[in-house]
S.K.: 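Starting off with a structure, shown below.
We count ligands from 1, going down the list as the structure has it; atoms in each ligand are counted the same way.
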Amino acid sequence: MSEPNIELINKRRIFGIISHPDAGKTTLTEKLLFHGGAIHEAGTVKAVKNSKFARSDWMEIEKQRGISVTSSVMQFEYEDKVVSIMDTPGHNDFGEDTYRILTSVDSAVMVIDAAKGVEAQTKKLFKVCSMRKIPVFTFINKLDRQAEDPLDLMEDLEEALGLPSVSVTWPIGSGQLFEGIYDRIENKVHLYKKDKTVKLGEKGVFGSELEGVLSEENLKNLRNEIELLDGAGNEFDMSLISSGKLSPVFFGTALVDFGVTVFLEHFLRMSPSPGARKTTTGEVNPTDDFFSGFIFKIQANMNPAHRDRLAFLRICSGKFERGMNVTLSRTGKILKLNQSTQLMANEREIVDEAFAGDIIGIYDSGNYQIGDTLTTRKEPLFFEPLPTFPPELFMRVRPVNTMKAKHFQKGVDQLAQEGAIQIYKNEFNEVILGAVGALQFEVFEYRLKNEYNSEIRMESLNFSVARWVSTDKPDSLRDFQNSRCSLVFDHYDRPVLLFANQYTLDNFIERNKDIKLVEALDVQKRF
Ligand code: G4P
């Protein structure tokens, strides 16, 4: 690949922001976009007022600025970097998409509420990041409010996530007493609300520069904490950070926009540019000459007037040029990526060329499935399959009109292939749906009705945990069935046990030590 193209790739950063709802993911994203010039102040004010960004709010922001992206990818430039933030839907539209987006990014930013520490949804999302060994950067937010002790927050990361951390910035007080952050790498203190930075001398916080600037109490605490961190904290180690084994931690308040640019600048320096990706036959490098990419999300009904779907493609190598021919590895079919290729339904956002590390949207009339590889390479190429994610909600589903069973079955099969939802069958051949978020059921029902002309009836089941079972005798598993445990088969006919809750599962494990259960995330690896 030519030099200028390598330069383009090295400038790119793609990351996902993960958090528990309300920790401040949207507020931080918005501030980052603002600093990147992607939204104007007026947009910010409006957005803050709206506060709860539904998808349409993002569209609104996009319209104002014409950000070259879909509602799920936001791109901006900062200094010499081209930055793409992948929105990971939270709140009500949390679903498998949220997880899958993390399979396409090169790093993640984890936002944590300083008063709450690590929360449930952060744990789930972090698990996907750690499985992929991508670097995770932590932004501890809401320091303008009373916060937990920062040392406890760092300990929480280690305990709740098993993630060692190293602080890059450190808070000076919190809430009413919040006075700023200390940048340990730059040896500077940024003062809160004073718009001033104090450059420290060789002695760092132990020198005289901060005396009379910070309150006595805060300075005393800061010195004690930094002494502890310098003595007993983890050392800053770029190789551990790059392999996702050490998280650089930053403190600030997204709402007040304090600590955000300090974070952004360090983040852009430390986070990786697009790297190599595993395939079933070795690695593909972003600098390889042939074009390759994989589909990690398919969004249906972007335009209700058409049955179009938009497939999101992460480019892994080579150059994309509009109108090029590529092979869809799964079928061997040659497809032309024609004018259909654009990121938004807005003319200037048609993409003529793109490189490794870019995410593009391609219109799909039904050719693609989640996990598909597209390439110009002559020899077959398959990126590693995307993992299956642990469903927590289950429904039994049947067609209202049994005469239309064929439509129903066709819809079920196609939506399962598309990865919209997980589909199982029980021993009576009934269809059981498994989802990560409730919205997936609604979308399923809507699409079956609108695209397959099949009305359905859904009935919620009292299960919340699924485990694949590694066994030669799946039939023997029938004996375990009761109201709190049920046997179903996934679409590869692999046996899966559904449990009412973690407690039922723990009991089962205790009583059946010889039965090997596998978590969804590990299914691909172990079977
Ligand atoms: P999410 O995307 O992670 O769900 O969180 P979001 O950014 O929507 O923020 C959730 C709430 O937390 C919002 O308040 C937001 O204003 C507030 N928030 C975000 N960052 C900070 C911060 O640094 N400090 C403080 N004090 N609050 C912060 P809300 O009550 O839901 O909305 P609003 O009524 O304040 O607009």
S.K.: Quick check on contacts: which atoms of ligand 1 are under 4.0 angstrom from a heavy atom of Arg145?
M.R.: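 Within the 4.0 Å cut-off of Arg145, ligand 1 contributes 26 (N), 27 (N).
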
S.K.: Using a 4.0 Å cut-off to any heavy atom of Lys25, which atoms of ligand 1 qualify?
M.R.: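 So the atoms of ligand 1 that pass are 1 (P), 2 (O), 3 (O), 5 (O), 7 (O).
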
S.K.: Kindly determine whether Phe250 and Phe267 satisfy ring pair (Phe, Tyr, Trp, His ring centres under 6.0 Å), including the steps that lead there.
M.R.: CA-CA 10 Å; Phe250 300 82; Phe267 169 74; 8.2 Å; no

S.K.: Taking only heavy atoms of Pro21, which atoms of ligand 1 are found under 4.0 Å from at least one of them?
M.R.: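 Checking each atom against Pro21, I get 4 (O).
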
S.K.: Provide the number and element of each atom of ligand 1 under 4.0 Å from a heavy atom of Ala254.
M.R.: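 Those atoms are 23 (O).
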
S.K.: Does only the side chain of Asn141 get under 4.0 Å from ligand 1, or the backbone, or both, or neither? Count heavy atoms.
M.R.: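 Near ligand 1, Asn141 shows its side chain, while the N, CA, C and O stay back.
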
S.K.: Quick check: Tyr192 with Phe178 (ring centres under 6.0 Å apart)?
M.R.: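 Judged by ring-centre distance (under 6.0 Å), Phe178 and Tyr192 do meet the cut-off.
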
S.K.: Could you pull out the closest heavy-atom pair between Ile359 and Ser104, with the gap in Å?
M.R.: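 So the minimum-distance heavy-atom pair works out to CD1-OG, 4.2 Å.
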
S.K.: Can you list the residues that meet the side-chain contact (heavy atoms from CB on, under 4.5 Å) rule with Ser19, with sequence neighbours excluded?
M.R.: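 Checked Ser19 against side-chain contact (heavy atoms from CB on, under 4.5 Å); matches are Ala23, Lys25, Val111.
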
S.K.: Is any side-chain heavy atom of Val105 closer than 4.5 Å to a side-chain heavy atom of Ile134?
M.R.: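 Answer yes - side chains close enough.
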
S.K.: Can you name the atoms of ligand 1, numbered from 1 with element, that are less than 4.0 Å from a heavy atom of Thr27?
M.R.: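 The list of qualifying atoms is 6 (P), 7 (O), 9 (O), 15 (C), 19 (C).
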
S.K.: Under the criterion side-chain contact (heavy atoms from CB on, under 4.5 Å), I'd like the reasoning laid out for Asp506 against Thr504: C-alpha separation, chi angles, the key distance, then a yes or no.
M.R.: CA-CA 6 Å; Asp506 292 343; Thr504 335; over 6 Å; no

S.K.: State the atoms of ligand 1, each with its element, that fall below the 4.0 Å cut-off from a heavy-atom position in Thr253.
M.R.: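 What qualifies from ligand 1 is 22 (C), 23 (O), 24 (N).
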
S.K.: Any idea which atoms of ligand 1 are less than 4.0 Å away from a heavy-atom of Ser19?
M.R.: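 Within the 4.0 Å cut-off of Ser19, ligand 1 contributes 3 (O).
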
S.K.: Could you tell me whether Leu28 and ligand 1 have an N or O pair separated by under 3.5 Å?
M.R.: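 Not met; the criterion fails.
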
S.K.: Using distance alone, decide if ligand 1 has a nitrogen or oxygen within less than 3.5 Å of any nitrogen or oxygen in Leu255.
M.R.: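 For ligand 1, there is an N or O atom that lies under 3.5 Å from one belonging to Leu255.
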
S.K.: Hey, does Gly252 come in under 3.5 Å of ligand 1, counting only N/O atoms on both sides?
M.R.: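 N/O-N/O distance below 3.5 Å does not exist for this pair.
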
S.K.: Does the Lys199 side chain pair with the main chain of Lys188, one donor and one acceptor, at a distance under 3.5 Å?
M.R.: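 Not a single qualifying donor-acceptor pair exists.
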
S.K.: Of all the atoms in ligand 1, which lie at a distance below 4.0 Å from a heavy atom belonging to Asp22?
M.R.: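 So the answer, numbered in order with elements, is 1 (P), 3 (O), 4 (O), 5 (O), 10 (C), 12 (O).
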
S.K.: Can you list every salt bridge (charged side-chain N to carboxylate O under 4.0 Å, His left out) pair that touches residues 131-146, not counting sequence neighbours?
M.R.: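 Residue pairs with at least one partner in residues 131-146: Asp113-Lys142.
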
S.K.: Between Asp144 and ligand 1, which part of the residue brings a heavy atom under 4.0 Å of the ligand: side chain, backbone, both or neither?
M.R.: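 For Asp144, only side-chain atoms sit under 4.0 Å from ligand 1.
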
S.K.: Could you label the plane-to-plane angle of the Phe394 and Phe463 rings as parallel, tilted or perpendicular, counting under 30° as parallel and over 60° as perpendicular?
M.R.: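 If you compare the ring of Phe394 with that of Phe463, the planes turn out perpendicular.
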
